[in-house]
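So the structure is just underneath, and the comments pick up after that.
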Protein chains: 2
Amino acid sequence: MPRDGTATRNRILDSAERLVLERGFGATSVDAVIAASKSSKGAFFHHFASKDDLGRALVARYAASDIEHLERYMAAAEAESEDPARQVVAFVRLFEEDADDIVAAQPSCLYVSFVNERQLDPEGTAEPIVEAIVAWRVRLLEKMRAAAERSPVPEGLDLEALADHVFVTFEGAFILARSLQDGAQMRRQLRLVRMLLEQTFGVGPGA
Amino acid sequence: MPRDGTATRNRILDSAERLVLERGFGATSVDAVIAASKSSKGAFFHHFASKDDLGRALVARYAASDIEHLERYMAAAEAESEDPARQVVAFVRLFEEDADDIVAAQPSCLYVSFVNERQLDPEGTAEPIVEAIVAWRVRLLEKMRAAAERSPVPEGLDLEALADHVFVTFEGAFILARSLQDGAQMRRQLRLVRMLLEQTFGVGPGA
DNA sequence: CACGAAGCAGACCATGTGGTCTGTTTGGTA
DNA sequence: TACCAAACAGACCACATGGTCTGCTTCGTG
């Protein structure tokens with residue numbers, strides 16, 4: 001294996017991700033990506049078969065990082081307490097504490113760009129996104145089910161919907177924050193959901 | 001005033017809205033809009049100065065319709081009960097009941113397309129969106145404040161965030177539903193939020 | 001009924017776009 | 001050191017796209 005081209009490939013992916021998060025995938029030209037990553041047409045199409053191929057790679061990488069993030073924070077939450085209810089709350093609190101940094105680092109969520117502009121084949125791009133969503137759902141749902149067994153929850157509460165609601169809040173808060181151009185909205189929404197979860201599972205703010 | 005061109009203009013707006021909701025604004029070409037609306041280049045640029053101008057008109061119309069929707073359902077909710085807490089719950093329930101129709105009629109929210117692909121001048125497009133968001137916030141916040149005065153809510157609850165959370169859930173649920181290609185997710189998320197609100201403001205499901 | 005402007009049709013244009021091709025450099029390997 | 005494939009650089013191309021222009025049709029009005 002001659003020279004390692006992974007560095008260039010990652011530079012392209014990084015630049016593309018920044019641009020897509022700001023302007024959307026359709027509005028991001030490959031020329032713009034090339035300019036931002038200080039590479040060339042030759043380099044780009046050496047590493048990616050097409051623009052759509054870049055899109056697939058972007059989503060795959062983003063989703064993988066997302067799942068990794070989920071597992072890391074879930075592990076940290078599990079280290080805080082044995083009680084599944086407190087674990088769920090701690091999990092959301094960890095994201096809440098990082099909310100400002102998250103929004104500052106990325107003004108939007110990559111999923112939105114690709115889910116909304118479905119000019120890519122659904123098979124190739126939707127897959128990693130669904131995988132990530134399901135990962136969040138499964139991980140949170142097992143905690144919530146365990147928590148619901150220990151302390152009673154409201155009659156007819158849809159735990160699966162509640163598990164998904166964390167993802168829903170993330171996506172919605174991104175849009176709210178971006179619309180109002182106020183990054184603090186993410187933190188506020190996450191704090192709210194954390195409190196609703198504390199209330200639902202009967203977990204007080206105390207240690 | 002010669003012949004009335006409003007009909008053509010509306011046909012263009014309707015077709016454009018459908019296309020943008022499905023493929024995003026950037027991925028929607030004016031040629032596609034012209035074809036879908038069975039009009040012509042001449043007609044298009046007679047009614048709209050540019051593609052961006054169409055975008056502004058689309059957002060303005062959508063936001064106005066959104067606010068109208070808000071007021072209509074809020075009035076219906078107010079007709080159901082005198083209790084502000086029950087009014088809030090009823091308001092969400094009305095959207096919950098229409099959830100399947102809403103998702104079927106529009107696979108996404110127009111706001112997302114324009115907030116995410118900010119290739120339009122922020123001044124022209126962001127304005128109506130912010131206006132609509134604030135309208136929802138103000139309308140729900142007054143109800144929630146009144147409800148919070150009657151029955152105690154959890155300490156430190158951010159009522160403004162809770163008011164915005166309805167909008168956040170809408171936007172997030174659109175993305176969830178579209179990602180999973182399951183329109184039922186909207187209804188489930190709205191039902192969940194309704195139950196969380198019932199719980200928060202101490203309103204039982206009974207009449 | 002003339003006429004003028006709004007409404008509309010469609011050929012046409014300039015440019016930006018995704019993608020190709022040829023050529024050059026680089027670095028591991030026999 | 002000769003060699004070769006990977007890694008790039010950048011000119012080039014075909015085409016889609018946003019936008020213009022000319023001209024025709026329709027209708028309210030003097």
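When reading the values below, keep in mind they use all heavy atoms of this one structure, side chains included, and skip hydrogens, waters and symmetry mates. Numbered from 1 within each chain, the chains take letters A, B, ... in sequence-line order.
A straight line from CD1 of A:Ile34 to P of D:dA7 spans 17 Å, rounded to a whole angstrom. B:His47 places its NE2 atom 9 Å from the P atom of C:dA9, with the value rounded to the nearest Å. As rounded to whole Å, 11 Å separates atom C1' of C:dG7 from atom CD1 of B:Ile12. Protein atom NZ of A:Lys38 is 16 Å distant from nucleotide atom P of D:dC8, rounded to whole Å.
Applying the 6.0 Å contact sphere to CZ of B:Arg145 captures no more than 12 heavy atoms from other residues, nucleotides or ligands.
OP1 or OP2 of D:dA7 sits under 4.0 Å from a side-chain N or O of A:His46. Listed pair B:Thr8 / C:dC8 meets the phosphate criterion, a side-chain N or O lying under 4.0 Å from OP1 or OP2.
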Distances under 3.5 Å between protein N/O atoms and the N/O atoms of nucleotides 22-24 of chain D, please, pair by pair.
none

Short heteroatom pairs, N/O only, protein and nucleotides 17-21 of chain C, under 3.5 Å:
residue, atom, partner, partner atom, Å
C:dG18, OP1, A:Lys51, NZ, 3.1
C:dG18, OP2, A:Val30, N, 2.8
C:dG19, OP2, A:Lys51, N, 2.7
C:dG19, N7, A:Lys41, NZ, 3.4
C:dG19, O6, A:Lys41, NZ, 2.6

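With sequence neighbours excluded, the residues that form a side-chain contact (heavy atoms from CB on, under 4.5 Å) with A:Lys41 are A:Val30, A:Asp31, A:Ile34, A:Phe45.
Atom CE of A:Met195 and atom OG1 of B:Thr200 lie 9.0 Å apart (nearest 0.5 Å). Rounded to the nearest 0.5 angstrom, A:Asp98 CG and A:Met186 CE are separated by 11.5 Å.
Within the structure, salt bridge (charged side-chain N to carboxylate O under 4.0 Å, His left out) pairs that include any residue of residues 6-16 of chain B comprise B:Asp14-B:Arg61 (at least two apart or interchain). Every pair passing ring-ring contact (aromatic ring centres under 6.0 Å, His included) that includes a residue from residues 63-88 of chain B is listed here, sequence neighbours excluded: B:His69-B:Tyr73, B:His69-B:Phe95, B:Tyr73-B:Phe95.
Between B:Glu97 and B:Arg93 there is a salt bridge, with a side-chain nitrogen of the basic residue lying less than 4.0 Å from a carboxylate oxygen of the acidic one.
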Please list, one pair per line, the donor and acceptor atoms closer than 3.5 Å that link side chains of residues 162-176 of chain B to other protein atoms, with sequence neighbours excluded.
residue, atom, partner, partner atom, Å
B:Asp164, OD1, B:Arg137, NE, 3.0
B:Asp164, OD2, B:Arg137, NE, 3.1
B:Asp164, OD2, B:Arg137, NH2, 2.8
B:His165, ND1, A:Gln189, OE1, 2.7
B:His165, NE2, A:His165, NE2, 2.7
B:Thr169, OG1, B:His165, O, 2.8

